[in-house]
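The structure under discussion appears below in the form of structure tokens.
Given the structure is predicted, the values throughout are model-derived calculations rather than measurements. Chain letters run A, B, ... following the sequence lines, proteins first and then strands; every chain starts at 1.
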Protein chains: 2
Amino acid sequence: MLREFRVREILDATCRVVASHGFQGATVERVAEEAEIAKGTVYLYFQNKDELFTAAVEQGIQNFTGQVRTQVAEALTPIEKLQRLIEVSLELSDTYRDFFKTLLLERNFLAASPNHPEAAHMLDLYLAHIHFIEEIIQDGVRVGVFRPHNVEASAFVLNEAIRGCFQQRALGLTARPVSEDAGILLDLFFNGVLNQHQNHEEPVS
Amino acid sequence: MLREFRVREILDATCRVVASHGFQGATVERVAEEAEIAKGTVYLYFQNKDELFTAAVEQGIQNFTGQVRTQVAEALTPIEKLQRLIEVSLELSDTYRDFFKTLLLERNFLAASPNHPEAAHMLDLYLAHIHFIEEIIQDGVRVGVFRPHNVEASAFVLNEAIRGCFQQRALGLTARPVSEDAGILLDLFFNGVLNQHQNHEEPVS
DNA sequence: ATTGTCTGACTGTATAGTCAGTCATATGAC
DNA sequence: GTCATATGACTGACTATACAGTCAGACAAT
């Protein structure tokens, strides 16, 4: 369908514009220019600017979490699933470069604002993804590969750690290949930094 | 000095306005209203809106990292220092509630933008703080309490994990007391999630 | 001729930034 | 002590501009 194609085209253009100009500098006119259409055309597909930007962010989240879920589903054990999760997430950070820059550089969409009742929905998507991670870890605890601990917190921490890697990449602060980042993250999350075989210093706490 | 007092007053008002209205909805007029002065007065202390907002964020970062450094300096061992770091950071998240909401809901200031050459400075402050954490961990590795690993990455991950806790609090997603959050974070960062004494499942990787 | 898609000049509005003028206090002349 | 002058902090009506959103008409395609 032509309509759907146009919508996607405009949303992609929106992501590109926000990625390069920030939300502040992203005007409807610039989006139209980027999509190579007239400003008025944008309003044939979206009610207003807010709807346009909300839709762009939402499409991005849906695409990303959808792909992660699909890939993770192929793995069997909790450990393999987490490996997959981290690897796929980081790989996608290159594919979705523009979108992630958009997402990371602006978090307003998570804040409830008077003219943003859709923000609540965005928050739901975000929480759903964390919950998805939480369940994998919970499984691991049940099976015994992960020790009993506050799973809600560790799911959250893992997600934030991944997010941090995205950011480093978006800001161009690292040259490490994705696979290396994934390995480091996994190792850290699994084993922590403490020297388990130490016999020198004072004990923890 | 009266001038300094006024400047601080305006910056505090800016943080409050941004915290409640977001960067989008934060106008100079609203800031003036919040500070109980006329709009024109703002321009006696700041060249333009950009400078005002940049200064507000910068003041917040400086205050925060300064306090963390002071408190951490009192601790002796790397482990104690990290404990202190996490605890103090989370405690401050209540004190600086408005500022953190401001900071977390908007990351544009980290992105280089044409009319934001100061953004580079902001990035420096951010990186300096991570470097500060990095050195503590590095010390721990040197002494032997922490195992050898990619310290740059773990410093980064720890900072992002703390940031994540801030965000949960700013968005009102958790009711956990700060000290509990600190404990969970510390435990996770030190020990990881893996069951070290397991003898059931497959080995890692 | 009709329909569907698109255009871009136009308008209305919000708000950044200005500036002529007010007020309060300090300094000084007598 | 009283008036005159100066200084500096502050004000808010005003302007200039940028940008969201509109709409009358162009342009295929059938």
Side-chain angles (χ1 to χ4, degrees), chain A residues 1-58 102 105-106 108-109 113-119, chain B residues 1-58 102 105-106 108-109 113-119:
Chain A
M1 200 188 191
L2 184 87
R3 186 171 183 84
E4 241 168 73
F5 174 72
R6 254 293 127 88
V7 165
R8 184 157 287 258
E9 215 170 42
I10 295 173
L11 289 178
D12 287 346
T14 305
C15 277
R16 285 199 299 280
V17 171
V18 175
S20 61
H21 292 79
F23 270 82
Q24 292 283 353
T27 66
V28 174
E29 194 129 27
R30 255 195 268 265
V31 168
E33 202 181 327
E34 176 73 30
E36 292 177 313
I37 52 174
K39 190 163 76 158
T41 309
V42 174
Y43 288 90
L44 296 177
Y45 297 93
F46 299 93
Q47 293 259 331
N48 52 44
K49 193 192 178 189
D50 245 45
E51 197 190 293
L52 168 65
F53 282 72
T54 305
V57 172
E58 189 173 334
T102 298
L105 294 181
E106 170 82 10
N108 270 336
F109 66 89
S113 94
N115 39 347
H116 259 201
E118 317 89 339
Chain B
M1 200 188 192
L2 183 87
R3 186 171 182 84
E4 240 167 72
F5 174 72
R6 254 295 125 89
V7 165
R8 183 157 287 258
E9 216 171 40
I10 295 172
L11 289 179
D12 287 347
T14 306
C15 278
R16 286 199 299 279
V17 170
V18 174
S20 60
H21 292 78
F23 270 83
Q24 291 284 354
T27 66
V28 174
E29 195 129 28
R30 255 196 267 265
V31 168
E33 201 181 328
E34 176 74 27
E36 291 176 314
I37 53 175
K39 190 163 79 157
T41 309
V42 174
Y43 288 90
L44 296 177
Y45 297 93
F46 299 93
Q47 293 258 330
N48 52 44
K49 194 192 177 190
D50 244 48
E51 196 189 293
L52 168 65
F53 282 72
T54 305
V57 172
E58 188 172 334
T102 298
L105 295 182
E106 172 82 9
N108 269 337
F109 66 89
S113 95
N115 39 348
H116 259 202
E118 317 89 339

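Counting all heavy atoms, side chain and backbone alike, B/F53 lies closest to B/V18 at CE2-CG2, 3.6 Å.
Listed by residue number, A/I37, A/A38 are the residues of residues 27-38 of chain A with a heavy-atom contact under 4.0 Å to DNA chain C.
Distance, B/L52 CG to C/dT15 P: 15 Å, rounded to whole Å. As a whole-Å value, the separation of A/N48 CG from C/dT13 P is 17 Å. Atom pair A/L44:CG and C/dT7:P shows a separation of 9 Å (rounding to whole Å applied). Between the CZ atom of B/F53 and the P atom of C/dT15 there is a distance of 11 Å, given to the nearest Å.
For the OP1/OP2 pair of C/dT5 and a distance below 4.0 Å, the side-chain nitrogens and oxygens of A/R6 include no atom meeting the criterion. In this structure, A/Y45 reaches the C/dC6 phosphate: one of its side-chain N or O atoms is under 4.0 Å from OP1 or OP2.
B/E51 CD to B/Y43 OH: the interatomic distance, rounded to the nearest 0.5 Å, is 11.0 Å.
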Sequence neighbours left out, cut at 3.5 Å: what donor-acceptor pairs do the side chains of residues 28-39 of chain A make with other protein atoms?
unit_1, atom_1, unit_2, atom_2, d
A/R30, NE, A/G25, O, 2.9
A/R30, NH2, A/G25, O, 3.2
A/E34, OE2, A/R16, NE, 2.6
A/E34, OE2, A/R16, NH2, 3.3

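When the salt bridge (charged side-chain N to carboxylate O under 4.0 Å, His left out) test is applied to B/E9, the partners found at least two apart in sequence or on another chain are B/R6.
Residue contacts shown for B/F46 are absent, as no nucleic acid heavy atom lies under 4.0 Å away.
Between chain B and DNA chain D, the heavy-atom contact criterion of under 4.0 Å yields a 5' to 3' nucleotide range of D/dC10 to D/dG12.
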Could you walk me through whether B/T54 and B/F46 satisfy the side-chain contact (heavy atoms from CB on, under 4.5 Å) test, starting with their C-alpha distance in whole Å, then the side-chain angles of each, then the deciding distance to 0.1 Å, before giving a yes or no? CA-CA 10 Å; B/T54 305; B/F46 299 93; over 6 Å; no
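Evaluation of atom-type donor-acceptor distances gives a pair under 3.5 Å for the side chain of B/K39 against the base of C/dG17.
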